[in-house]
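Structure first, then comments.
Within every chain, numbering begins at 1; the chains are lettered A, B, ... in the order of the sequence lines, protein sequences first and strands thereafter. These values consider heavy atoms only, across backbone and side chains, with no hydrogens, waters or symmetry-generated copies.
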There are 2 protein chains.
Amino acid sequence: MNFKDLRYFQRLSEEKSFSETAKYFQVSQPTITYALKRLEAEYGVMLVERKSYANSLQLTPAGIQLQQHIQRILHEDQLISHDLRRIKSKQIKVGLPPIITNYLFPKVFTTLRRENLLSTIEPIVNGSHKLEQLLQNGQLDISLLGSTSLPRDPNLSYQIIRAHQFKLIASIDHHFKMPLNIADLAKEDFILLDEQSVHQQVFQYFTQKYQVVPNVIYQTSEYRLLLDLVKQNQGISFITETAILGEGGIQQLPIPNLQLPPFYLLLVYRNSSLPDPQLQKLINIFSTIPFL
Amino acid sequence: MNFKDLRYFQRLSEEKSFSETAKYFQVSQPTITYALKRLEAEYGVMLVERKSYANSLQLTPAGIQLQQHIQRILHEDQLISHDLRRIKSKQIKVGLPPIITNYLFPKVFTTLRRENLLSTIEPIVNGSHKLEQLLQNGQLDISLLGSTSLPRDPNLSYQIIRAHQFKLIASIDHHFKMPLNIADLAKEDFILLDEQSVHQQVFQYFTQKYQVVPNVIYQTSEYRLLLDLVKQNQGISFITETAILGEGGIQQLPIPNLQLPPFYLLLVYRNSSLPDPQLQKLINIFSTIPFL
DNA sequence: TATAATTAATAAATAAAATTTATAGGTGTT
DNA sequence: AACACCTATAAATTTTATTTATTAATTATA
């Protein structure tokens with residue numbers, strides 16, 4: 001059997017027109033007819049209902065069934081291309097979410113340099129959510145991710161590098177009367193990370209769980225900007241401790257009995273791309289980051 | 001690209017010989033050489049190390065990488081055949097573990113008959129463990145399974161039909177002084193299901209957790225035989241309540257504070273085979289079994 | 001160490017398969 | 001009824017896969 005036929009069939013089942021499908025692939029119309037015939041002959045089943053005229057083409061149950069499998073096969077075929085391109089070019093596309101990268105990268109920099117891996121890394125900077133998508137469809141080879149839950153995609157493997165916590169933070173110039181409790185936070189102005197980040201969901205969870213109605217004055221995707229604003233005492237914020245470790249001018253607000261999900265720093269990769277030795281090396285280095 | 005080339009490559013990477021691979025497929029040796037060349041040309045990478053002579057052929061990292069993906073693609077290709085054969089023949093291969101089948105089947109029999117599905121079902125009777133394997137590689141279309149945990153195979157979907165409990169049982173002629181406690185069981189003779197069943201593992205878990213050293217006098221794979229022996233008061237047993245609901249001549253032994261995993265009655269199927277309407281019907285019927 | 005045996009690569013010929021061109025026949029629209 | 005649009009078929013053509021025949025390389029072994 002032929003991958004081409006599968007592609008033709010896939011397109012046909014979306015397009016619902018032989019001639020349109022033919023146009024799409026820049027082949028003549030009978031090509032599509034014959035491709036379908038081949039598939040039907042191979043499996044001995046009708047795959048499409050030949051209705052009269054117009055875009056009334058419909059898949060039979062067998063056709064729908066085949067479609068499902070074709071999806072997977074063609075997806076796997078894409079991954080082949082991505083993976084072999086990586087191995088060929090010796091360039092590894094690494095997903096890097098800013099907060100995590102700034103925290104982790106200094107810890108491995110020397111090792112990466114010594115192992116001559118710095119030049120093989122092609123950094124793709126983006127939010128964790130987007131990066132996970134890119135990973136799944138093969139556009140990324142490996143990624144650091146921040147997440148409150150562990151990936152449940154069976155095609156992805158992962159290592160937990162750290163389990164951090166979310167913190168409420170404020171400028172050191174901002175003085176609170178202790179002990180602080182959650183209700184006090186309603187009086188404060190909040191500066192937050194925007195919807196690209198997991199932080200927003202966790203913050204929402206937090207406000208609902210503890211019945212806080214916060215006054216959010218500004219949202220940004222730039223966590224450095226956020227930290228600077230907090231330092232200037234423009235407002236308080238909610239962020240993973242990852243972002244503030246070793247950061248001056250900021251205090252963590254101790255709230256008794258605050259219960260939030262963990263913030264995992266993960267190294268994630270497709271398990272089918274493990275045969276690449278360069279990638280292996282990279283995984284080893286990141287998954288054995290020394291504390292401090 | 002061609003499925004044939006993938007098969008050639010897969011075999012070549014196992015066989016490590018061009019001429020042996022050619023023999024296997026009953027083609028001439030250059031066929032294999034050219035197939036490999038096509039793949040290498042398509043991806044622009046060397047896939048095998050051409051070592052000198054003999055079966056010293058080795059895959060490059062790129063070759064190993066490709067192999068991984070080929071596995072999946074060819075597996076998916078197998079599933080196509082299985083699924084389309086099912087749809088074509090209108091015969092659904094249904095996995096049926098004895099205990100669960102005897103309990104559930106009477107509850108759906110009338111419905112299956114009314115919907116004309118009885119003749120559609122090709123029963124495959126076996127233990128749950130074996131049935132799950134058959135399901136995964138496409139030799140089964142759907143299966144009832146008994147399990148203490150939910151399937152974690154991402155290609156399988158499932159419905160929980162019942163959550164039953166494991167019970168200690170004895171003949172009604174066997175008189176105990178109540179309240180019974182776990183230590184008393186050490187004096188009893190046990191008749192158990194053998195290693196084909198999940199029961200054995202759960203029983204082992206039970207004995208370890210509660211520090212019982214049971215006297216097992218007989219094991220069988222036939223649960224009807226087991227029940228008959230228990231009724232005859234040849235010994236006591238450990239079994240899911242599934243097997244004894246509506247069964248006379250048997251008493252459940254009430255042991256306070258006995259904590260065991262649940263016994264799920266599951267309906268399991270590959271999620272990629274959902275498009276088949278006949279199968280859908282069957283799933284609906286089984287997943288909405290009325291209580292009693 | 002020469003020689004036979006085995007293996008993989010290449011070239012050219014052949015066979016097989018996919019695609020195109022040309023055309024016919026069906027169906028809805030006006 | 002004429003037209004526009006679609007799919008199917010037949011025959012010709014192009015492309016691709018396979019074979020046959022041969023060579024070069026390597027090891028076994030006599």
Side-chain angles (χ1 to χ4, degrees), chain A residues 1-60 62-64 66-67 70 73-74 77 80, chain B residues 1-60 62-64 66-67 70 73-74 77 80:
Chain A
M1 199 179 36
N2 209 313
F3 274 72
K4 255 190 206 168
D5 287 354
L6 299 187
R7 292 206 185 83
Y8 291 162
F9 182 81
Q10 192 191 35
R11 187 81 198 176
L12 178 64
S13 71
E14 291 163 3
E15 196 86 75
K16 302 202 180 306
S17 155
F18 285 72
S19 33
E20 286 304 309
T21 305
K23 262 183 211 154
Y24 177 83
F25 288 106
Q26 312 204 48
V27 296
S28 69
Q29 168 263 309
T31 299
I32 310 301
T33 303
Y34 284 126
L36 178 61
K37 280 206 155 182
R38 278 194 292 274
L39 290 174
E40 292 186 325
E42 170 152 6
Y43 297 116
V45 215
M46 288 261 120
L47 296 171
V48 315
E49 297 278 2
R50 266 76 158 193
K51 282 278 175 60
S52 54
Y53 191 67
N55 297 18
S56 62
L57 184 148
Q58 266 208 323
L59 296 190
T60 63
I64 298 171
L66 179 61
Q67 244 295 82
I70 289 180
I73 289 176
L74 294 184
D77 181 51
I80 295 179
Chain B
M1 199 180 38
N2 208 312
F3 274 72
K4 254 190 207 168
D5 286 354
L6 299 187
R7 292 206 184 83
Y8 291 161
F9 182 80
Q10 192 192 37
R11 185 82 199 176
L12 177 64
S13 71
E14 291 163 4
E15 196 85 75
K16 302 201 180 309
S17 154
F18 286 71
S19 33
E20 286 304 309
T21 305
K23 262 183 214 154
Y24 177 83
F25 288 105
Q26 312 205 48
V27 295
S28 68
Q29 167 264 311
T31 299
I32 309 301
T33 303
Y34 285 125
L36 179 61
K37 281 208 156 183
R38 278 194 294 273
L39 289 174
E40 291 186 325
E42 170 151 6
Y43 297 115
V45 215
M46 290 260 118
L47 296 170
V48 314
E49 296 279 3
R50 265 76 158 192
K51 283 278 177 59
S52 54
Y53 191 66
N55 298 19
S56 63
L57 184 148
Q58 264 208 325
L59 296 190
T60 63
I64 298 171
L66 180 61
Q67 244 295 81
I70 288 181
I73 288 176
L74 294 183
D77 181 51
I80 295 180

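If you check residues 32-40 of chain A against DNA chain D, the residues with a heavy atom closer than 4.0 Å are A:Thr33, A:Tyr34, A:Lys37, listed by number. Less than 4.0 Å separates DNA chain C from at least one heavy atom of each of the following residues of residues 23-30 of chain B: B:Gln29, B:Pro30.
Separating the CD atom of B:Glu20 from the P atom of C:dT6 is a distance of 11 Å, rounded to the nearest angstrom. Between A:Tyr8 atom OH and D:dT7 atom C1' there is a gap of 17 Å when expressed in whole angstrom units. What separates CD of B:Glu15 from P of C:dT6 is a distance of 16 Å, to the nearest Å. Atom C1' of nucleotide C:dA16 and atom CE of A:Met1 are separated by 18 Å, given to the nearest angstrom. Separating the CG atom of A:Asn2 from the C1' atom of D:dT15 is a distance of 12 Å, rounded to the nearest angstrom. Atom CG of B:Leu6 and atom P of D:dA17 are 12 Å apart (whole Å). Rounded to a whole Å, the CG atom of B:Leu57 is 13 Å from the C1' atom of C:dA9. For the pair A:Lys4 NZ and C:dT20 C1', the computed distance is 13 Å after rounding to whole Å.
Here salt bridge (Lys or Arg N to Asp or Glu O under 4.0 Å) pairs that include residues 40-49 of chain A, with residues two or more places apart or in two chains, are A:Glu40-A:Arg50. For residues 22-44 of chain B, the set of pairs meeting the ring pair (Phe, Tyr, Trp, His ring centres under 6.0 Å) definition, not counting sequence neighbours, comprises B:Tyr8-B:Phe25.
Axis deviation across the helix from C:dT1-D:dA30 to C:dT30-D:dA1 amounts to 20°, comparing end segments of five pairs, rounded to 10 degrees.
Partners of A:Ile70 according to the side chain to side chain contact (heavy atoms under 4.5 Å, CB included) rule, which considers only residues two or more places apart in sequence or in another chain, are A:Leu6, A:Phe9, A:Gln10, A:Leu66, A:Gln67, A:Leu74.
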Exercise for the section: Determine, step by step, whether B:Ile80 and A:Ile73 satisfy the side-chain contact (heavy atoms from CB on, under 4.5 Å) criterion, reporting the C-alpha distance in whole Å, the side-chain angles of both residues, the deciding distance to 0.1 Å, and the verdict. Expected result: CA-CA 11 Å; B:Ile80 295 180; A:Ile73 289 176; 3.9 Å; yes
Problem - Step-by-step salt bridge (charged side-chain N to carboxylate O under 4.0 Å, His left out) determination, B:Asp77 to B:Arg7 - result: CA-CA 11 Å; B:Asp77 181 51; B:Arg7 292 206 184 83; 2.7 Å; yes
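For the atom pair A:Ser17 OG and A:Arg11 CZ, the distance stands at 10.5 Å (nearest 0.5 Å). With rounding to the nearest 0.5 Å, the separation of CE in A:Met1 from CZ in A:Arg38 is 11.5 Å.
Remark: A:Thr31 is in phosphate contact with C:dT20, judged by side-chain N or O atoms under 4.0 Å from OP1 or OP2.
Heavy-atom minimum distance, A:Ala62 versus A:Val45: CB-CG1, 3.7 Å. Residues A:Leu59 and A:Ser13 approach most closely at CD1-CB, 3.6 Å, considering heavy atoms.
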